[in-house]
Amino acid sequence: MKLSKKFWVDQLGEGWTSKLRDTLRDPYMEKLMTFLQTEYALNTVYPEKKNVFRAFKACPFEKVKIVILGQDPYYNGDANGLAFGNDDSTAYTGTSRSLIKIFNVIERDYYDGLHLDFDFSLENWADQGILMLNTALTVRKNKPGSHTKQWKKFTSAVLESLNDYAPGTVFILWGAHAKAFIPHLSENMHILTSEHPAYAVRQGNRDWNCTNFKEANQILFTKYGQTINW
């Protein structure tokens with residue numbers, strides 16, 4: 001599969017294409033895209049093919065302030081291309097349990113327990129400069145981690161581009177999988193960690209007490225005089 005610059009600009013946008021140009025020219029990317037073409041043809045794969053690189057178009061490189069790092073897309077059909085975001089979710093019922101935990105923290109900490117217009121797609125976060133990045137951008141139905149190995153080089157290149165061109169970015173890492181990427185981040189990054197919201201679900205569906213949203217806003221206010229409207 002021959003991949004042109006126009007193809008990548010259409011998929012990623014100008015900024016990401018420029019910063020990732022060496023990786024995008026590598027034969028690895030042609031192999032990866034050929035692999036995905038076969039996977040989508042022979043299996044049920046999430047998210048929809050059109051949304052594989054959605055996180056990058058939703059949050060252009062020059063807008064990135066925060067990276068929330070997930071593992072791989074929801075493998076049950078909820079994935080929309082943004083880490084932790086749900087596909088066309090407009091109400092609390094039917095929403096992925098990890099996202100409900102995220103919503104509960106936001107609602108409690110910022111809206112006194114009543115937040116009626118939370119955007120479960122998380123597009124609103126992306127619009128404000130949050131890259132909702134999964135370390136694998138695709139997954140087979142009901143097979144978590146099935147594409148992790150194939151995406152590792154691409155994910156590492158994304159992190160390296162941020163190290164090189166966006167020092168001071170805030171990284172929010174939930175769970176052991178995300179924390180394993182800390183060695184890939186430079187000392188100039190702001191690194192915030194917590195347990196994964198899914199862990200709270202598995203532990204008897206208890207409360208998820210994550211302080212990262214407030215901590216990130218404190219950093220952004222100091223740096224830019226701005227905060228995220230969670």
Side-chain angles (χ1 to χ4, degrees), residues 39-40 43-59 66-111 113-128 130-148 151 155 171-181 192-214 216 228-230:
E39 284 287 284
Y40 274 95
N43 302 285
T44 300
V45 176
Y46 300 122
E48 291 183 59
K49 191 185 297 186
K50 66 180 181 180
N51 287 330
V52 171
F53 295 101
R54 182 180 178 182
F56 298 92
K57 289 298 289 289
C59 184
I66 296 174
V67 179
I68 296 181
L69 198 61
Q71 187 164 350
D72 50 12
Y74 297 118
Y75 51 83
N76 62 354
D78 290 334
N80 70 352
L82 304 183
F84 297 100
N86 269 195
D87 186 28
D88 297 325
S89 287
T90 56
Y92 189 91
T93 56
T95 302
S96 298
R97 290 183 294 175
S98 289
L99 185 54
I100 289 174
K101 291 298 181 187
I102 294 169
F103 166 76
N104 286 344
V105 170
I106 298 298
E107 186 177 55
R108 182 190 67 216
D109 289 356
Y110 286 95
Y111 297 94
L114 185 64
H115 188 20
L116 299 178
D117 58 351
F118 184 78
D119 176 15
F120 287 96
S121 76
L122 302 185
E123 279 277 1
N124 179 50
W125 290 6
D127 288 343
Q128 297 179 76
I130 303 177
L131 178 65
M132 306 298 301
L133 178 66
N134 279 313
T135 53
L137 300 188
T138 56
V139 66
R140 276 194 198 180
K141 180 180 179 180
N142 295 331
K143 291 187 178 294
S146 51
H147 291 176
T148 300
W151 283 103
T155 303
F171 276 81
I172 297 178
L173 310 176
W174 295 330
H177 179 86
K179 293 174 188 176
F181 282 83
L192 306 175
T193 64
S194 179
E195 69 176 8
H196 197 285
Y199 184 73
V201 173
R202 293 194 295 269
Q203 296 293 309
N205 201 30
R206 61 173 171 76
D207 287 344
W208 182 56
N209 296 309
C210 178
T211 59
N212 293 162
F213 305 104
K214 287 185 174 181
I228 298 297
N229 179 19
W230 299 108

Heavy-atom pair with the smallest gap, counting every atom of L137 and P73: O-CG, 3.4 Å
Looking only at heavy atoms, what is the nearest atom pair of N86 and N80, with distance? O-ND2, 3.2 Å
salt_bridge(E195, K101) N-O dist < 4.0 Å: no
CD1 of I172 to CD1 of I130: how many Å apart, nearest 0.5 Å? 6.5 Å
Quick check against the 3.5 Å criterion: does N43 have a side-chain atom that pairs as donor or acceptor with the backbone of V45? no
Please identify which of these residues, H177, H147, Q71, meets the side-chain hydrogen bond (donor to acceptor under 3.5 Å, both in side chains) condition with T135. H177
Minimum heavy-atom distance C59-L131, with the two atoms named: SG-N, 3.8 Å
Residue pair V201 / I100, side-chain heavy-atom distance below 4.5 Å: no
Heavy-atom count around R97 CZ within 6.0 Å, excluding the residue itself: above 12? no
Using salt bridge (Lys or Arg N to Asp or Glu O under 4.0 Å), reason through R54 and E123 one step at a time and then give a plain yes or no. CA-CA 10 Å; R54 182 180 178 182; E123 279 277 1; 2.6 Å; yes
Heavy-atom side-chain contact between F213 and D109 under 4.5 Å: no
Rounded to the nearest 0.5 Å, what separation is found between the CD1 atom of I106 and the CG atom of N229? 9.5 Å
Against H196, only a single residue in F84, W174, W208 fulfils ring-ring contact (aromatic ring centres under 6.0 Å, His included); can you say which? F84
Going by atom types only, do D207 and N209 share a side-chain donor-acceptor pair under 3.5 Å? no
Please assess W230 against V105 for the test side chain to side chain contact (heavy atoms under 4.5 Å, CB included), listing each intermediate value before the final yes or no. CA-CA 10 Å; W230 299 108; V105 170; over 6 Å; no
Would you find a donor on one side and an acceptor on the other, under 3.5 Å apart, between the side chain of S146 and the backbone of R140? yes
Rounded to the nearest 0.5 Å, how far does CD1 of I228 lie from CG of D127? 10.5 Å
Would you call the rings of F118 and W125 parallel, tilted or perpendicular, taking 30° and 60° as the class edges? perpendicular
Determine whether the aromatic ring centres of residues F120 and F103 are separated by less than 6.0 angstrom. yes
Does Y199, at its OH atom, have more than 12 non-hydrogen atoms belonging to other residues, nucleotides or ligands within less than 6.0 Å? no
For a side chain to side chain contact (heavy atoms under 4.5 Å, CB included) check, start with the C-alpha distance between V52 and Y40, then their side-chain angles and the critical distance, and finish with the verdict. CA-CA 11 Å; V52 171; Y40 274 95; 3.2 Å; yes
Nearest heavy-atom neighbours spanning A79 and Y74: CB-O, 3.6 Å
Under the 3.5 angstrom rule, does the side chain of D72 hit a backbone N or O of A136 as a donor-acceptor pair? no
Taken to the nearest 0.5 Å, the spacing of I102 CD1 from N212 CG works out to 10.5 Å
Walk me through it: do N142 and T44 pass the test side chain to side chain contact (heavy atoms under 4.5 Å, CB included)? CA-CA 9 Å; N142 295 331; T44 300; over 6 Å; no
Evaluate the side chain to side chain donor-acceptor pair (under 3.5 Å) criterion for residues S96 and D78: first the C-alpha distance (whole Å), next the side-chain angles of each, then the deciding distance (0.1 Å), finally the verdict. CA-CA 7 Å; S96 298; D78 290 334; 2.8 Å; yes
Return the minimal non-hydrogen interatomic distance between G81 and P47, and the atom names on each side. N-CB, 3.8 Å
So how far is it from L192 CG to T211 OG1, rounded to the nearest 0.5 Å? 7.5 Å
W151/N134 under side chain to side chain contact (heavy atoms under 4.5 Å, CB included): CA gap, chis, key distance, verdict: CA-CA 10 Å; W151 283 103; N134 279 313; over 6 Å; no
Closest heavy-atom pair and its distance - A126, L82: CB-CD1, 4.5 Å
For the side chain of D119 and the backbone of N124, is there at least one donor-acceptor N/O pair under 3.5 Å apart? yes
For the CD1 atom of I66 and the CE atom of M132, what is their distance to the nearest 0.5 Å? 9.5 Å
